[in-house]
J.: 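Dropping the structure in here first, questions after.
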Protein chains: 2
Amino acid sequence: MLDDVIKKDTSCHDCKDISCAAAVLNVQELGLVNANSHESFLKKGEVILHEGSLTSHIIYLKTGLAKEYIKHSGEKEQILQIVKKHTYLGLPSLFGDRINHYSYAALEDCTICYIDISMFNNLIKMNGNFAYEILVSTSRDNLNNFNRFLHQSQKKIFGRVADALLYFSRIIYETTQFELPFPRQEFADLIGVSRESATRVLIKFKSEGIIDLKGRSITIVNVDLLEQISQNG
Amino acid sequence: MLDDVIKKDTSCHDCKDISCAAAVLNVQELGLVNANSHESFLKKGEVILHEGSLTSHIIYLKTGLAKEYIKHSGEKEQILQIVKKHTYLGLPSLFGDRINHYSYAALEDCTICYIDISMFNNLIKMNGNFAYEILVSTSRDNLNNFNRFLHQSQKKIFGRVADALLYFSRIIYETTQFELPFPRQEFADLIGVSRESATRVLIKFKSEGIIDLKGRSITIVNVDLLEQISQNG
DNA sequence: TCCCGAATGTGTTTATTGTCACATTATTAA
DNA sequence: TTAATAATGTGACAATAAACACATTCGGGA
């Protein structure tokens, strides 16, 4: 995998996929980032980062889609969230104990940047505005995830499936017609139910005209009803 | 409640309950904190902070014990964590959208400090080391909670009760003999099961000699077994 | 001391969802 | 094109824990 690591052909200064936080850096600081980072490409399905590994670099998802997940007792997989481009991976872990607590794998072909960790830390300590931006983005991210999770845990299976569909529609793809990036099993892993149950509910939703379903392609027909189902648990 | 807010009789400079983050501040910065904060006392049971309220001040739990919780559909209460002294309440919310996402209530008599929010933000932007400390502590806190939650969601009721007992023993009270700070209902709310089920499991554990149980007083007799039950789900 | 309400314990019933076993349908590679 | 494999759908059954209904105990005034 290390062979994939190459010097970026574009500099950070004119990167179209720069993070919100990095946008507050000045030219000199950005030069530092540029000199201490590398770009890499990953194919769909490849693992980006393994839980348990020591944090050696900050990883920034420049383009593509990934899943954040953990394995329970080496078997059952739990997907924590779908990560969109322009996101740092594993930041919360970074500032905790320096061990990555979650794994990440590419759901689409991805471009990622490895950023030197001590340089990143220096930036935080040097530039309070940068620190603040990082704080805001990790906080928001955490809050969103935790909330999604909290509410999920109170819901029955219909509510959970409805939630997941709205999640994809609103947060991930921002359209009512989309293609699930993974098989049913992983859809089930995202909402914490069995594959069979998830399947059954999807089919029920289809038969009731709430969604249109063909393989992995989904169209949300009745958002209001879905919203209601999500609310009522 | 605002009547309780009084000027601190001790200054922040010689506060014995100062936070880890504030420990990196210099005398001048500490003076700023001192000039922009107030102390308040709360009795057991009183609400410190309501979910949904706008963040007007940072709240620091100087002494005492509190619970962090949310209400689901105005009815069921879910306790997210027990908060020990020397902790900022609701920091993750602060940097997100300025709305408190969780409620806090005193489980014991508490002393809290209200700290002016804009001054706090300025400190972060002025002092990178302070920002870094805040980042570390919020990250660690988040990670711990999230992890506890993730693992809980995979466990059956026996594992959950075992978890909670170990949580109190190791994290909260740091001894094998302790007094639950709340009734069975709230113990159940913490682990996300019904009161009846929680009761039953506690009694089962007692009958099997794993714990000693008398009202709210609990002694952990067989830590290893409890650990095993927690592991095996 | 007694009374009252809250907290706790207990048996039974019921709803929900996971598991198992297998049929069917896609997808991929030879 | 076909064989092999993965993904998906479906029915029957079992396990788990919630809900309900009520008995018992506890704790703090009057």
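Proteins get letters first, then strands, A, B, ... in listed order; numbering begins at 1 in each. Keep in mind that this is a model prediction, so the values were computed, not measured.
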J.: Which class fits the ring pair A/Phe178 and A/Tyr173: parallel under 30°, tilted 30 to 60°, perpendicular over 60°?
T.: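 Rings of A/Phe178 and A/Tyr173: parallel, as their planes differ by under 30°.
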
J.: When you check the gap from the basic side-chain N to the acidic O, do A/Glu196 and A/Arg200 get nearer than 4.0 Å?
T.: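 Salt bridge between A/Glu196 and A/Arg200, a charged N being under 4.0 Å from a carboxylate O: no.
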
J.: Tell me which residues in residues 180-188 of chain A lie within less than 4.0 Å of DNA chain D, going by non-hydrogen atoms.
T.: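 The stretch gives A/Pro183, A/Arg184 as the residues lying under 4.0 Å from the strand, ordered by number.
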
J.: Using atom CG of B/Leu213 as one end and atom P of C/dA7 as the other, report the distance to the nearest whole Å.
T.: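 Spelled out: CG on B/Leu213 to P on C/dA7 is 17 Å.
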
J.: With A/Asn147, which residues qualify under side-chain contact (heavy atoms from CB on, under 4.5 Å), at least two apart?
T.: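 Once residues adjacent in sequence are excluded, the partners of A/Asn147 under the side-chain contact (heavy atoms from CB on, under 4.5 Å) criterion are A/Leu150, A/His151, B/His101, B/Tyr102.
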
J.: From NZ of A/Lys204 over to P of D/dG9, roughly how many Å is that when rounded to an integer?
T.: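 After rounding, the reported distance stands at 16 Å.
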
J.: Whole-Å distance between C/dT10 C1' and B/Lys206 NZ?
T.: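 Interatomic distance, NZ of B/Lys206 to C1' of C/dT10: 15 Å.
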
J.: Using a strict cut-off of less than 4.0 Å between a Lys/Arg side-chain nitrogen and an Asp/Glu carboxylate oxygen, indicate whether A/Lys67 and A/Glu186 qualify as a salt bridge.
T.: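 A/Glu186 and A/Lys67: salt-bridged.
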
J.: Please list all pairs meeting ring-ring contact (aromatic ring centres under 6.0 Å, His included) that have one or both residues in residues 182-230 of chain A, counting only residues at least two apart or in different chains.
T.: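 Matches after skipping sequence neighbours: A/Phe168-A/Phe182.
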
J.: How far apart are the C-alpha atoms of B/Ser169 and B/Gln177, what are their side-chain angles, what is the distance that settles it, and do they pass the side chain to side chain contact (heavy atoms under 4.5 Å, CB included) test?
T.: CA-CA 7 Å; B/Ser169 171; B/Gln177 206 275 107; over 6 Å; no

J.: With heavy atoms under 4.0 Å as the rule, sort B/Arg216 into base, sugar-phosphate or nothing.
T.: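 The residue B/Arg216 makes sugar-phosphate contact but no base contact.
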
J.: Who passes side-chain contact (heavy atoms from CB on, under 4.5 Å) against B/Asp14, sequence neighbours left out?
T.: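 With sequence neighbours excluded, B/Asp14 shows a side-chain contact (heavy atoms from CB on, under 4.5 Å) to B/Thr10, B/Ser11, given in chain and number order.
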
J.: D/dA18 C1' sits how many Å from B/His72 NE2, rounded?
T.: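 After rounding, the reported distance stands at 16 Å.
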
J.: Mind checking what makes side chain to side chain donor-acceptor pair (under 3.5 Å) contact with B/Ser56, not counting sequence neighbours?
T.: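 Testing B/Ser56 for side chain to side chain donor-acceptor pair (under 3.5 Å), a comparison that skips the adjacent residues, returns none.
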
J.: Do nucleotides 20-26 of chain D as a string where each nucleotide becomes B, S or -: B if the base has a protein heavy atom under 4.0 Å, S if just the sugar-phosphate does, - if no protein is that close.
T.: B------

J.: Who passes side-chain contact (heavy atoms from CB on, under 4.5 Å) against A/Asp163, sequence neighbours left out?
T.: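 If we apply the side-chain contact (heavy atoms from CB on, under 4.5 Å) test to A/Asp163, skipping adjacent residues, the hits are A/Lys155, A/Ser230.
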
J.: May I ask you to check whether B/Phe149 and A/Phe146 place their ring centers less than 6.0 Å from one another?
T.: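 Ring-ring flag for B/Phe149/A/Phe146: true, centres closer than 6.0 Å.
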
J.: So, using side chain to side chain donor-acceptor pair (under 3.5 Å) as the criterion, who are the partners of B/Asn145 when residues are at least two apart?
T.: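 Partners of B/Asn145 by the side chain to side chain donor-acceptor pair (under 3.5 Å) criterion, ordered by chain and then number, come out as B/Gln81, B/Arg148.
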
J.: What is the separation between atom CG on B/Leu202 and atom P on C/dA7, rounded to the nearest whole Å?
T.: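 Rounding to the nearest Å, CG of B/Leu202 and P of C/dA7 are 17 Å apart.
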
J.: Please identify each residue that fulfils side chain to side chain donor-acceptor pair (under 3.5 Å) with B/Ser139, with sequence neighbours left out.
T.: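 Scan of B/Ser139 (side chain to side chain donor-acceptor pair (under 3.5 Å), adjacent residues dropped) gives none.
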
J.: Name all residues meeting the side chain to side chain donor-acceptor pair (under 3.5 Å) criterion together with A/Tyr104; count only those two or more places apart in sequence or in a different chain, and write none if there are none.
T.: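 Checked A/Tyr104 against side chain to side chain donor-acceptor pair (under 3.5 Å); matches are A/Glu68.
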
J.: Starting from C1' on C/dA7, measure out to CD1 on B/Ile203 and report it in whole angstrom.
T.: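 It works out to 12 Å between those atoms.
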
J.: Which angle, rounded to 10°, do you find between the first-five-pair axis and the last-five-pair axis of the helix from C/dT1-D/dA30 to C/dA30-D/dT1?
T.: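 Inter-axis angle at the termini of the helix from C/dT1-D/dA30 to C/dA30-D/dT1: 40°.
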
J.: What is the distance, to the nearest angstrom, from the NZ atom on B/Lys76 to the P atom on D/dA17?
T.: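 Computing the B/Lys76:NZ to D/dA17:P distance gives 15 Å.
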
J.: Extract from the structure each pairing of a protein N or O with an N or O of nucleotides 14-17 of chain C at less than 3.5 Å, listing the distance.
T.:
residue	atom	partner	partner atom	Å
C/dT17	OP1	A/Ile157	N	2.7

